[in-house]
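Quick notes on the structure that follows.
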There are 2 protein chains.
Amino acid sequence: MESRCENCIIRQFNSLRAMSKEELKRVSDSKTTKVIKKGEPIFQEGEKLDGVFCVRDGVSKLSKLSANGKDQIVKLASKGEVIGQRSVVAEESVNLSAVAVSDMEVCFIPKEGIVSTLHTNPNFTLEVLRHMAHDLKEADDVIVNMSQKNVKQRMAEAFLYLKNNFGEDEEGFLKLILSREDISNVVGTAIESCIRIISEFKKKGYLKTSGKKIGITDEKALTNLVEGF
Amino acid sequence: MESRCENCIIRQFNSLRAMSKEELKRVSDSKTTKVIKKGEPIFQEGEKLDGVFCVRDGVSKLSKLSANGKDQIVKLASKGEVIGQRSVVAEESVNLSAVAVSDMEVCFIPKEGIVSTLHTNPNFTLEVLRHMAHDLKEADDVIVNMSQKNVKQRMAEAFLYLKNNFGEDEEGFLKLILSREDISNVVGTAIESCIRIISEFKKKGYLKTSGKKIGITDEKALTNLVEGF
DNA sequence: CAAAAGATATGATATTTATCAGGTTTTATG
DNA sequence: CATAAAACCTGATAAATATCATATCTTTTG
């Protein structure tokens with residue numbers, strides 16, 4: 001099952017779209033496609049990366065482990081996103097671990113093709129820069145949320161985020177299914193607090209659940225909560 | 001008092017060093033120098049910027065205001081740093097406010113010179129990209145600290161950060177003098193908690209104070225605290 | 001320099017959140 | 001499909017942190 005970057009629609013969503021035909025051809029010739037099962041790592045904090053990963057399908061959590069054994073999820077990357085870019089650009093080891101939270105298909109692109117294009121094609125470099133500028137803004141927003149919103153507000157925000165970024169199924173449940181532990185690692189709270197707040201939101205009619213699946217039943221209420229009403 | 005970018009040593013610390021002679025000349029011809037007094041704003045959240053600011057002297061806090069009226073300081077920018085870059089690169093309004101925390105001298109560089117160089121000189125674009133990659137890593141670290149360290153640990157870390165980045169005077173006090181309110185806005189805590197912890201650190205012999213000045217007297221103890229011992 | 005404003009400090013208390021301990025339900029596996 | 005393991009849930013309690021009230025010290029300003 002051969003597939004070429006030139007024909008890949010995913011590319012439209014990331015910086016690879018700014019590559020020339022020739023550059024893209026070179027990338028396509030050097031890339032390899034990998035299937036990663038839910039729970040498996042793509043890379044670990046501290047590793048040196050020899051390239052970047054373009055997500056074709058599925059979702060990966062990017063997280064950092066702390067001394068006390070807790071993981072903080074900094075970002076969820078899905079279809080179209082390129083991960084490991086920061087590390088390759090800065091020529092540093094990765095500062096985050098990437099683990100699949102659903103079954104994934106990713107393309108590994110060796111860094112040589114990326115780096116040489118960065119040096120010669122300003123459109124591509126600028127496109128990567130724009131994506132990084134966007135990530136930086138999002139990171140700033142997370143910092144502010146962490147310090148100025150309480151756990152209940154951050155939980156509400158997390159569910160709205162999951163709905164807006166990954167969508168709902170036909171029955172109104174969030175498409176991206178995360179364990180309670182992963183949710184608490186996104187929000188930055190203890191698992192028990194996370195579970196307790198889900199129960200509370202259910203009682204109040206903001207959420208519904210079915211096993212691990214969670215659905216939003218009162219979006220307005222969650223929005224109000226985030227805004228501080 | 002004329003001064004040219006070509007002769008400015010500050011430039012060595014930021015992405016302007018990757019500009020060609022001609023590009024730099026153009027920037028220098030269009031730039032204006034401004035003096036900003038302590039407490040005065042450089043720009044405010046939501047504004048559209050017509051250029052970037054290169055810090056020649058002094059320190060600026062980059063912060064974001066929340067609904068409840070609290071300010072979270074996301075970054076302290078000093079000599080050599082370029083602020084407003086993210087906004088100009090992404091062609092978005094600024095997501096943070098910049099206010100001088102000490103008297104400052106900055107150069108305002110209209111965006112035209114920057115943007116056209118971004119499109120034509122990949123070395124410059126790559127240099128800007130590398131700086132942004134560094135900022136993004138730092139932001140990720142702040143997120144993790146916020147969620148995984150307690151207020152006392154974050155306070156300890158803040159003092160070590162201030163020492164490492166802005167230095168000490170001859171008497172061993174931190175050179176950068178911040179109000180207790182600014183410190184609490186860096187750490188993400190209530191002013192009273194911030195003041196209380198400073199008192200506690202003084203009692204334990206970790207810090208000394210003299211008016212607004214704060215000095216570190218037991219660096220090892222602060223480091224241990226951060227590490228969780 | 002006196003009055004006012006602002007910043008710093010501390011105690012008492014309330015609120016939020018984490019932790020511990022013990023359940024139940026769900027999922028994985030031989 | 002039985003059993004173990006993992007994930008989920010809830011209550012009780014402890015710890016961390018914010019808030020309110022008030023006092024003192026410092027700086028600014030008329």
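So that the names make sense, note that chain A is the first sequence line, chain B the second, and so on, each numbered from 1.
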For Phe108(A), the ring pair (Phe, Tyr, Trp, His ring centres under 6.0 Å) test, sequence neighbours excluded, returns Phe53(A)
Is the side chain of Asp103(A) donor-acceptor paired with the backbone N or O of Lys38(A) at a distance under 3.5 Å, no angle test? yes
What is the distance, rounded to the nearest whole Å, between atom NZ of Lys203(A) and atom P of dC9(D)? 11 Å
Is it true that a side-chain atom of Arg56(A) and a backbone atom of Ile10(A) form a donor plus acceptor pair closer than 3.5 Å? no
Can a donor-acceptor pair be found, under 3.5 Å and without considering hydrogens, that links the side chain of Gln12(B) to the backbone of Ile9(B)? no
If I take atom CD in residue Glu200(A) and atom C1' in nucleotide dT10(D), what distance separates them, rounded to the nearest angstrom? 14 Å
Please determine if Arg86(A) and Asp140(B) form a salt bridge, counting it only when a charged side-chain N lies under 4.0 Å from a carboxylate O. no
Could you please name the option among dC9(D), dA16(D), dT19(D) that lies closest to any side-chain atom of Ser199(A)? dC9(D)
Name the pairs: protein N/O against N/O of nucleotides 3-6 of chain D, kept only if under 3.5 Å.
none

Quick one: does Ser78(B)'s side chain have a donor or acceptor within less than 3.5 Å of a partner on Val59(B)'s backbone? no
Between the main-chain N or O of Ser184(B) and the side-chain N or O of Thr189(B), is there a donor-acceptor pair closer than 3.5 Å? no
Taking 5' to 3' order, which nucleotide of DNA chain C is first and which is last to have an atom within less than 4.0 Å of a heavy atom in chain B? dA7(C) to dA12(C)
Whether the side chain of Ser93(B) engages the backbone of Glu47(B) through a donor-acceptor N/O pair (distance < 3.5 Å, no angle test) should be reported. no
How would you list, by chain and number, every residue that makes a side chain to side chain contact (heavy atoms under 4.5 Å, CB included) with Val99(A), sequence neighbours excluded? Pro41(A), Lys61(A)
Tell me if a side-chain donor or acceptor on Gln153(A) pairs with a main-chain N or O of Leu225(A) at a distance below 3.5 Å. yes
For nucleotides 20-23 of chain D, list the nitrogen or oxygen atoms of the protein found under 3.5 Å from its nitrogen or oxygen atoms, one pair per line.
| unit_1 | atom_1 | unit_2 | atom_2 | d |
| --- | --- | --- | --- | --- |
| dC20(D) | N4 | Glu192(B) | OE2 | 3.3 |

Keeping Gln72(A) on the side-chain end and Val186(A) on the backbone end, is there a donor-acceptor pair under 3.5 Å? yes
Given protein heavy atoms under 4.0 Å, the one-letter contact record of nucleotides 25-30 of chain D, with B base, S sugar-phosphate only and - none, is simply ------
